[in-house]
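Right, one structure below, let's go through it.
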Amino acid sequence: MDNVDVCEEFQPRGKKRRLQDGNTENVNVGAVNNKSMSLQRSRLPQPSLRRIQMPPTVASTNPAGAVKKAGCGTIPLGSRGRLAQSIPAKVMKTRVAAVAVAPSTAAKGAVAKRRPAWDVKGKLDDTKKHLSDCTGKLQVAELQRKQFRENADVLGKSLSHATSRVKELEDKLRTAESQLQSRESELEQLRHDNAGLQKVLPLREAQISSLTTEVKELSATLKDTKSTLVYTEQKLDDKAALVDEQHKMIGSLEEKLQHTEQALTNMEQERRRLHNAVQELKGNIRVICRVRPLLEKERHNDMNHIQFLPSDEKVITLTKEQESRTGNNRKDVVKHNFSFDHVLQPVAKQEEVFEDISQLVQSALDGYNVCIFAYGQTGSGKTYTMEGPDELTCDTKGMIPRAVDQIFVTARRLETMGWLYKFTASFLEIYNETIRDLLVTKSQKAVVYDIKQCSNKSEQLYVTNLEYINVSTVEEVNKLITISKSNRSVAKTAMNDHSSRSHSVFQLHIEGSNAANGLVCRSTLCLVDLAGSERLDKSRSTGERLREAQAINTSLSCLGLVILSLSNKEAHVPYRNSKLTHLLQNSLGGNSKTLMFVNVSPLEEDFHESLNTLRFASQVGRV
């Protein structure tokens, strides 16, 4: 019998159960066989279906009747085998259990008594019950259909996964094949290299033998070296001990050096104090008289009216013969004696002149304002004293370049004691009571320059719009001096072919600091070449020269009034009466140091001018 009718309900109960049991066994065996075949065809992992739980009402329904009601008829055994192959084992067990329940229900129906014809209500109840059974079977069939569809989806996904896995494995296979080819080529290369190495092997063995011999020799040398090293280490230990002693000695010397430096600093401070005390004892305002020598064109003149005392270098005497007051023809000799801090005769060199001011230049580095200016009539040698001739030599250098040389030499020496200095230079002239900057071109001289105070707390003065140039070498300062000479106002007069018509003021601002001791000092060194005083009737000046002479004489008179006020210790000192005294205000009073060079002409025709100059200088010297 090839086919089994699963929809017959009225077969004998036992026979039907045996038939279902046989079909179940066939289905299970077919499913196992098909599963084995599928595993042999593909070793890919098979997807596992999730277990489907049947409702109790569905599980108790006769599946055979439901299938027959749906019009399924009979199912061939071969088809059952293929169906079982596609259905997971857990689902198949559920179906077999449902089929196993059907015989008992059919048996009940077969054993039940037939109702009489008049029992319409009973028949209606049977019909309803039968309809209810059919409805349940129909629901079971619908659930099975949905289950089959889900199984088909799962199998489709499994198939897609298996396909992608197959492609992945094929790619890996191709990669492995390419790697295999690469390894084979590498193996061939290694074989070739091995053959080459086999040829080189004897040579290397010979080299190894040679190296072995060399190693033995080196081992012997190493033993000697080790013994030498032991001896060297012993000497090194001795040296280390000696170095420790040296370090201790260095520490002791450094401590002594610190004490020495501190003592040197203290001595430097004491030197500054004592130096300032000596300078104050000499006088904060000093006067040095210098008589210039006769020029080549003046050799026919004599200097009998000027007398010097060989035993006293501080006295100068002017003599002049005049008619006696008694009325006879006798002439009386009138002597005018003057005493200054030093009188320099015409034979004095520039170096000797600088010796008298070198101590004041040191005071400028110590932090005191210093002013050195040359005063005298036109042609008495003021510019030569302060600046020197146009072509400078070591012997003819004036006071300004010599002072600058000493400043920078001493500053470098003080650097060893921890002092650092900063220098700022300026060069100006006062012409007709107007300030001009000598370090700029003439096209810029239209700028207005005023004297101002730096701040309310500081008495230091500065000039607006003036060029203040930082300098660090003597050469830089010498360049500034050359520029200022070319820009200074000069003119020819009846008394001098090359007369300075303005007051030239060179200022060097000094800022010193000692970080170790926290000391700071600030000062200004002023070196001034005053314009020459002259008598208007003798110079025969007119026009512009006359106005220049009047302005020069006025400013010099104001300088005399300031010095006279300082000598009288007056409460008010008229510094602001002229630009010259206003600019030199901080260098003429207080603890500042002032030195005036009184330049005197050796000519007898300048006797009255020389007398007035010496009288003015004598007043200054008494301050």
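As the structure is a prediction and not an experimental result, all values here were calculated from the model.
In this structure, CG on L222 lies 4.5 Å from NZ on K226, to the nearest 0.5 angstrom. Note: R286 CZ to K593 NZ = 8.0 Å, rounded to the nearest 0.5 Å. Atoms CG and CE, on L559 and M596 in that order, are 8.0 Å from each other to the nearest 0.5 Å. We find the CD1-CG distance between I451 and L428 to be 8.0 Å, quoted to the nearest 0.5 Å. Atom-to-atom distance recorded for N284:CG and L588:CG is 11.5 Å, nearest 0.5 angstrom. Going from atom OG of S504 over to atom CZ of F427 covers 4.0 Å, rounded to the nearest 0.5 Å.
Residues F340 and S618 come closest through the heavy atom pair CE2-N, 3.6 Å. For Y449 against V463, the heavy-atom pair with the smallest separation is CB-CG1, 3.6 Å. Minimum interatomic distance between I306 and S601 (heavy atoms only, all atoms of both residues): CD1-O, 3.9 Å. Of all the heavy atoms in E433 and K579, the pair that sits closest is OE1-N, 3.0 Å. Of all heavy-atom pairs spanning G376 and T613, the tightest one is CA-CG2, 4.1 Å. Annotation for V477 and V471: closest pair CG2-CG2, 3.9 Å, computed over non-hydrogen atoms.
In this structure a side-chain-to-backbone donor-acceptor pair under 3.5 Å is missing from D341 to I288. Under a 3.5 Å cut-off, the side chain of R290 and the backbone N or O of F597 do not form any donor-acceptor pair. Formation of a donor-acceptor pair under 3.5 Å by the S380 side chain with backbone atoms of V600 is not found in this model. With S592 contributing its side chain and S587 its backbone, the two residues share a donor-acceptor pair below 3.5 Å. Between the T464 side chain and the D450 main chain, a donor and an acceptor come within less than 3.5 Å of each other. A donor-acceptor pair under 3.5 Å links the side-chain atoms of N514 to the main chain of M417, judged by distance alone. A donor-acceptor pair under 3.5 Å is absent between the side-chain atoms of E609 and the main chain of D606, judged by distance alone. The main-chain N or O of N591 is never found under 3.5 Å from a side-chain atom of E280 such that the two would form a donor-acceptor pair. S557 places a side-chain N or O within donor-acceptor distance of the main-chain N or O of N553, the cut-off being under 3.5 Å. No donor-acceptor pair under 3.5 Å is formed between the side chain of E387 and the backbone N or O of T383.
Of the listed residues (I400, N599, D529), just one forms a side chain to side chain contact (heavy atoms under 4.5 Å, CB included) with T385, and that residue is N599.
Donor-acceptor pairing under 3.5 Å is lacking for the side chains of S502 and R436. For the residue pair S565 and E570, a side-chain donor N or O sits within less than 3.5 Å of a side-chain acceptor on the partner. For the 3.5 Å distance criterion, the side chains of N266 and Q262 qualify, holding a donor opposite an acceptor.
Using a 4.5 Å cut-off on side-chain heavy atoms (C-beta onward), C526 and L584 make contact. Between I407 and Y421 there is no side-chain heavy-atom pair separated by less than 4.5 Å. Residues L438 and K485 form no side-chain contact, since every pair of their non-hydrogen atoms from C-beta on lies 4.5 Å or further apart.
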Between side-chain atoms of residues 351-372 and protein atoms elsewhere (two or more places apart, or another chain), which donor-acceptor pairs fall under 3.5 Å?
from : atom 1 : to   : atom 2 : distance (Å)
D356 : OD1    : H342 : ND1    : 3.3
D356 : OD2    : H342 : ND1    : 2.6
S358 : OG     : E355 : O      : 3.2
Q359 : OE1    : H275 : ND1    : 3.3
Q362 : NE2    : D366 : OD1    : 3.2
S363 : OG     : H275 : NE2    : 3.1
S363 : OG     : Q359 : O      : 3.3
D366 : OD1    : R271 : NH2    : 2.9
D366 : OD1    : R272 : NE     : 3.4
D366 : OD2    : R271 : NH2    : 3.4
Y368 : OH     : N276 : ND2    : 3.3
N369 : OD1    : T524 : N      : 3.0
N369 : ND2    : N586 : O      : 3.4

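For E313, the CD atom is loosely surrounded, since the number of other residues' heavy atoms within 6.0 Å does not exceed 12. Within a 6.0 Å radius of CE in M267, no more than 12 heavy atoms belonging to other residues, nucleotides or ligands are found.
Taking 4.0 Å as the cut-off between side-chain N and carboxylate O, E270 and R273 count as a salt-bridged pair.
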